[in-house]
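Residues: numbered from 1 along the sequence shown.
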Amino acid sequence: MAGPVAGGRLGAEDGAVVQRTEQEIERGELLSVTFVISYLSFSVPAVIAGAAATHTGLHDTFVPYAATVAFLSALALLAQWLRAHRTPGHKVCPQA
(Lines give C-alpha, C1' and ligand atoms only; values in the text may rest on other atoms or scores of the structure.)
Protein backbone atom coordinates (compact mmCIF):
# COMPACT_ATOMS: atom_id res chain seq x y z
CA MET A 1 0.00 0.00 0.00
CA ALA A 2 2.84 2.41 0.77
CA GLY A 3 4.35 2.02 -2.70
CA PRO A 4 1.36 3.31 -4.70
CA VAL A 5 0.74 6.11 -2.20
CA ALA A 6 4.36 7.29 -2.25
CA GLY A 7 4.54 6.89 -6.01
CA GLY A 8 1.37 8.91 -6.49
CA ARG A 9 2.69 11.64 -4.23
CA LEU A 10 5.98 11.78 -6.13
CA GLY A 11 4.11 11.98 -9.41
CA ALA A 12 1.94 14.83 -8.14
CA GLU A 13 4.96 16.77 -6.90
CA ASP A 14 6.80 16.26 -10.17
CA GLY A 15 3.79 17.53 -12.07
CA ALA A 16 3.53 20.64 -9.90
CA VAL A 17 7.22 21.47 -10.33
CA VAL A 18 7.15 20.81 -14.05
CA GLN A 19 4.12 23.09 -14.51
CA ARG A 20 6.05 26.00 -12.97
CA THR A 21 8.75 25.89 -15.66
CA GLU A 22 7.87 27.83 -18.75
CA GLN A 23 9.92 26.38 -21.58
CA GLU A 24 9.41 22.89 -22.99
CA ILE A 25 13.16 22.14 -22.98
CA GLU A 26 13.45 23.06 -19.31
CA ARG A 27 10.51 20.81 -18.44
CA GLY A 28 12.08 17.82 -20.16
CA GLU A 29 15.45 18.41 -18.55
CA LEU A 30 13.90 18.87 -15.11
CA LEU A 31 11.81 15.73 -15.38
CA SER A 32 14.79 13.70 -16.63
CA VAL A 33 16.99 14.81 -13.75
CA THR A 34 14.19 14.13 -11.27
CA PHE A 35 13.76 10.56 -12.53
CA VAL A 36 17.50 9.86 -12.54
CA ILE A 37 17.86 11.10 -8.95
CA SER A 38 14.79 9.12 -7.86
CA TYR A 39 15.94 5.87 -9.43
CA LEU A 40 19.49 6.21 -8.10
CA SER A 41 18.32 7.10 -4.60
CA PHE A 42 16.26 3.89 -4.44
CA SER A 43 18.46 1.48 -6.39
CA VAL A 44 21.99 2.23 -5.14
CA PRO A 45 21.22 1.64 -1.43
CA ALA A 46 19.31 -1.55 -2.32
CA VAL A 47 22.23 -2.91 -4.34
CA ILE A 48 24.70 -2.05 -1.56
CA ALA A 49 22.44 -3.68 1.04
CA GLY A 50 22.08 -6.77 -1.14
CA ALA A 51 25.84 -7.09 -1.52
CA ALA A 52 26.35 -6.56 2.19
CA ALA A 53 23.69 -9.13 3.07
CA THR A 54 25.54 -11.83 1.14
CA HIS A 55 28.67 -11.22 3.21
CA THR A 56 27.36 -10.35 6.67
CA GLY A 57 23.85 -11.79 6.78
CA LEU A 58 20.44 -10.21 6.54
CA HIS A 59 20.04 -9.16 10.18
CA ASP A 60 23.49 -7.55 10.38
CA THR A 61 22.70 -5.62 7.19
CA PHE A 62 19.18 -4.60 8.17
CA VAL A 63 20.04 -2.88 11.45
CA PRO A 64 22.49 -0.27 10.01
CA TYR A 65 20.31 0.13 6.90
CA ALA A 66 17.21 0.86 9.00
CA ALA A 67 19.17 3.21 11.26
CA THR A 68 20.47 5.11 8.23
CA VAL A 69 16.98 5.42 6.75
CA ALA A 70 15.61 6.64 10.09
CA PHE A 71 18.42 9.19 10.44
CA LEU A 72 17.96 10.53 6.90
CA SER A 73 14.19 10.73 7.43
CA ALA A 74 14.68 12.72 10.62
CA LEU A 75 17.15 14.98 8.82
CA ALA A 76 14.65 15.59 6.00
CA LEU A 77 11.91 16.34 8.53
CA LEU A 78 14.15 18.84 10.28
CA ALA A 79 15.03 20.49 6.97
CA GLN A 80 11.34 20.83 6.09
CA TRP A 81 10.57 22.28 9.52
CA LEU A 82 13.40 24.81 9.24
CA ARG A 83 12.29 25.75 5.75
CA ALA A 84 8.72 26.30 6.94
CA HIS A 85 9.86 28.53 9.82
CA ARG A 86 12.00 30.96 7.86
CA THR A 87 11.46 34.69 8.18
CA PRO A 88 8.12 35.75 6.65
CA GLY A 89 9.68 38.19 4.17
CA HIS A 90 11.98 35.57 2.64
CA LYS A 91 10.30 33.70 -0.21
CA VAL A 92 11.52 30.18 -0.90
CA CYS A 93 10.30 30.11 -4.51
CA PRO A 94 10.64 33.25 -6.65
CA GLN A 95 7.37 32.48 -8.50
CA ALA A 96 5.36 32.12 -5.29
Side-chain angles (χ1 to χ4, degrees):
M1 185 67 189
V5 172
R9 199 183 114 243
L10 276 175
E13 289 174 359
D14 290 343
V17 170
V18 169
Q19 290 300 325
R20 288 185 188 163
T21 59
E22 295 184 17
Q23 296 181 358
E24 291 288 327
I25 295 172
E26 289 178 1
R27 280 190 224 154
E29 290 174 357
L30 178 64
L31 201 54
S32 298
V33 168
T34 302
F35 282 134
V36 168
I37 291 171
S38 296
Y39 291 142
L40 287 176
S41 67
F42 286 113
S43 64
V44 171
V47 169
I48 291 171
T54 60
H55 295 292
T56 62
L58 191 56
H59 183 270
D60 292 337
T61 302
F62 171 74
V63 172
Y65 186 82
T68 303
V69 169
F71 172 74
L72 291 175
S73 298
L75 191 63
L77 185 63
L78 176 66
Q80 283 291 88
W81 185 82
L82 290 173
R83 184 175 181 208
H85 290 85
R86 285 187 176 177
T87 56
H90 180 72
K91 289 187 176 182
V92 177
C93 182
Q95 289 93 9

Between OG1 on residue Thr34 and OH on residue Tyr39, distance to nearest 0.5 Å: 11.0 Å
Path from Val36 to Phe42 over hydrophobic side-chain contacts below 4.5 Å: no
Minimum heavy-atom distance between Tyr65 and Ala46, given as atom pair plus value: OH-N, 4.5 Å
Rounded distance [0.5 Å steps], OG in Ser32 versus CD1 in Ile37: 11.0 Å
Within one Ile-Leu-Val-Met-Phe-Trp-Tyr cluster: Val47 and Leu40, side-chain cutoff 4.5 Å: no
Distance, nearest 0.5 Å, that separates CG of Leu77 from CG of Leu82: 9.5 Å
Minimal non-hydrogen separation, Gly57 against Thr61, with atom names: O-OG1, 2.8 Å
Shortest non-hydrogen separation from Thr54 to Ala51 and the atoms involved: OG1-O, 2.6 Å
